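Before anything else, here's the structure in question.
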Amino acid sequence: QVQLVESGGGLVQPGGSLRLSCAVSGSFFAVNVMGWYRQAPGQQRELVATITGAGVTIYADSVKGRFAISRDYAKNTMYLQMNGLRPEDTANYYCTASIRRTPARRVDDYWGQGTQVTVSS
């Protein structure tokens, strides 16, 4: 019922920019925390950035100052603006959201399918 659809990935040269989008659709009561994770081949999944329902953001040290996370609360869409991209940013990027389906305390975590970001000359 709840789906997270990502877009915006692609191939970009070092120093370039990309903007990822993650749209939440379906039936739910509220979206709490949203975030971006990434996973490179042979490596563990790592946190990139998160944003709370109040707009408080957290960034991994490796992307701080280069990436910016934001969300459109009316559209239930999250964005990741990536500037100054480096080859080490190459990974599959996944969006995630903690969603409350009904007016209750429990929240469930949902994941997108991933979008590939490749930084290369």
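Because the structure is predicted, anything quoted here is derived from the model rather than measured.
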Quiz prompt | Side-chain touch Ile99/Leu4, heavy atoms, less than 4.5 angstrom | solution =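 Contact flag for Ile99/Leu4 side chains = yes.
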Quiz item: Is Tyr110 linked to Ile51 within one hydrophobic cluster, defined over Ile, Leu, Val, Met, Phe, Trp and Tyr using a side-chain heavy-atom separation of less than 4.5 Å?
Solution: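 Yes, because Tyr110 and Ile51 connect within a single hydrophobic cluster, where side-chain heavy atoms sit under 4.5 Å apart.
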Self-check item: Non-hydrogen atoms of Gly112 and Tyr94 that approach each other most closely
Solution: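 It is O-CD2, 3.7 Å.
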Exercise. Flag the pair Leu11 / Ser120 as yes when at least one side-chain heavy-atom distance between them is below 4.5 Å, and no otherwise.
Key: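 Sidechains of Ser120 and Leu11: in contact.
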Practice problem: State yes or no: do Tyr73 and Val107 share one hydrophobic cluster built from I, L, V, M, F, W and Y residues joined by side-chain heavy-atom distances below 4.5 Å, directly or via other members? | Solution: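 Per the 4.5 Å side-chain linkage, Tyr73 and Val107 are not co-clustered.
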Quiz item: Within the side chain of Arg101, is there an N or O that forms a donor-acceptor pair under 3.5 Å with the backbone of Ser27?
Solution: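 Flag set: sc Arg101 to bb Ser27 pair under 3.5 Å.
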Quiz prompt | Pairs flagged by disulfide (SG to SG under 2.5 Å) wherever residues 53-85 is involved - sequence neighbours left out | solution =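 Sorted result for residues 53-85: empty, none.
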Quiz prompt | OG1 on Thr115 to CH2 on Trp36, rounded to 0.5 Å | solution =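 Nearest 0.5 Å value for the CH2-OG1 distance: 7.5 Å.
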Exercise. List the atom of Ser98, the atom of Asp109, and the distance in Å for their closest heavy-atom pair.
Key: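 Heavy atoms only, the tightest pair is OG-OD1, 2.8 Å.
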Quiz item: Distance-only, no hydrogens or angles: does the Tyr59 side chain make a donor-acceptor pair with backbone N or O of Ile69 under 3.5 Å?
Solution: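 Checked: pair present.
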Exercise. Determine whether Ser21 and Lys75 make a side-chain contact, defined as any pair of heavy atoms from C-beta on separated by less than 4.5 Å.
Key: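 With C-beta onward as the side chain, the pair stays apart.
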Exercise. Specify the closest pair of heavy atoms between Arg71 and Asn32, including all atoms of both residues, with the distance to one decimal.
Key: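 Result for this residue pair: NH1-O, 2.8 Å.
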Quiz prompt | Exercise: identify the closest heavy-atom pair between Met78 and Cys95 | solution =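 For Met78 versus Cys95, the nearest heavy atoms are CE-CB, 3.6 Å.
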Practice problem: Starting at CZ of Arg38, measure out to CZ of Arg45 and round the result to the nearest 0.5 Å. | Solution: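 Interatomic distance, Arg38 CZ to Arg45 CZ, rounded to 0.5 Å: 13.5 Å.
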Quiz prompt | Verify same cluster id: Val12, Met82 (apolar side-chain graph, 4.5 Å) | solution =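 Yes, one cluster joins them.
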Quiz item: Distance-only, no hydrogens or angles: does the Thr50 side chain make a donor-acceptor pair with backbone N or O of Met34 under 3.5 Å?
Solution: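 Not a single qualifying donor-acceptor pair exists.
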Exercise. Determine whether Val31 and Val2 fall in the same hydrophobic cluster, where Ile, Leu, Val, Met, Phe, Trp and Tyr are linked whenever their side-chain heavy atoms lie under 4.5 Å apart.
Key: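 In one cluster with Val31: Val2, yes.
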Quiz item: Between the side chain of Thr90 and the main-chain N/O of Val119, is any donor-acceptor distance below 3.5 Å?
Solution: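 Side chain of Thr90 to backbone of Val119, a donor-acceptor pair under 3.5 Å: yes, one is there.
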Exercise. Search all heavy atoms of Pro14 against all heavy atoms of Ser121 and return the closest pair with its distance.
Key: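 Nearest pair, atom of Pro14 first, then Ser121: CD-OG, 3.6 Å.
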Self-check item: Glu6 (side chain) donor-acceptor with Gln113 (main chain) under 3.5 angstrom
Solution: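 Checked: pair present.
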Quiz prompt | Considering all heavy atoms, the nearest Leu18-Gly8 contact | solution =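 Result for this residue pair: CD2-O, 3.8 Å.
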Exercise. Answer yes or no: does atom CD of Glu88 have more than 12 heavy-atom neighbours from other residues, nucleotides or ligands under 6.0 Å?
Key: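 Yes - once you tally the heavy atoms of other residues, nucleotides and ligands closer than 6.0 Å, there are more than 12.
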Self-check item: Results of salt bridge (charged side-chain N to carboxylate O under 4.0 Å, His left out) for Arg66 - residues two or more places apart only
Solution: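 Expected list: Asp89.
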Practice problem: Look at the aromatic rings of Phe67 and Tyr93 and report parallel, tilted or perpendicular, splitting at 30° and 60°. | Solution: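 Tilted.
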Quiz item: Linking I/L/V/M/F/W/Y whenever their side-chain heavy atoms sit closer than 4.5 Å, directly or via other members, would Val48 and Val117 fall into one cluster?
Solution: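 Yes, same cluster.
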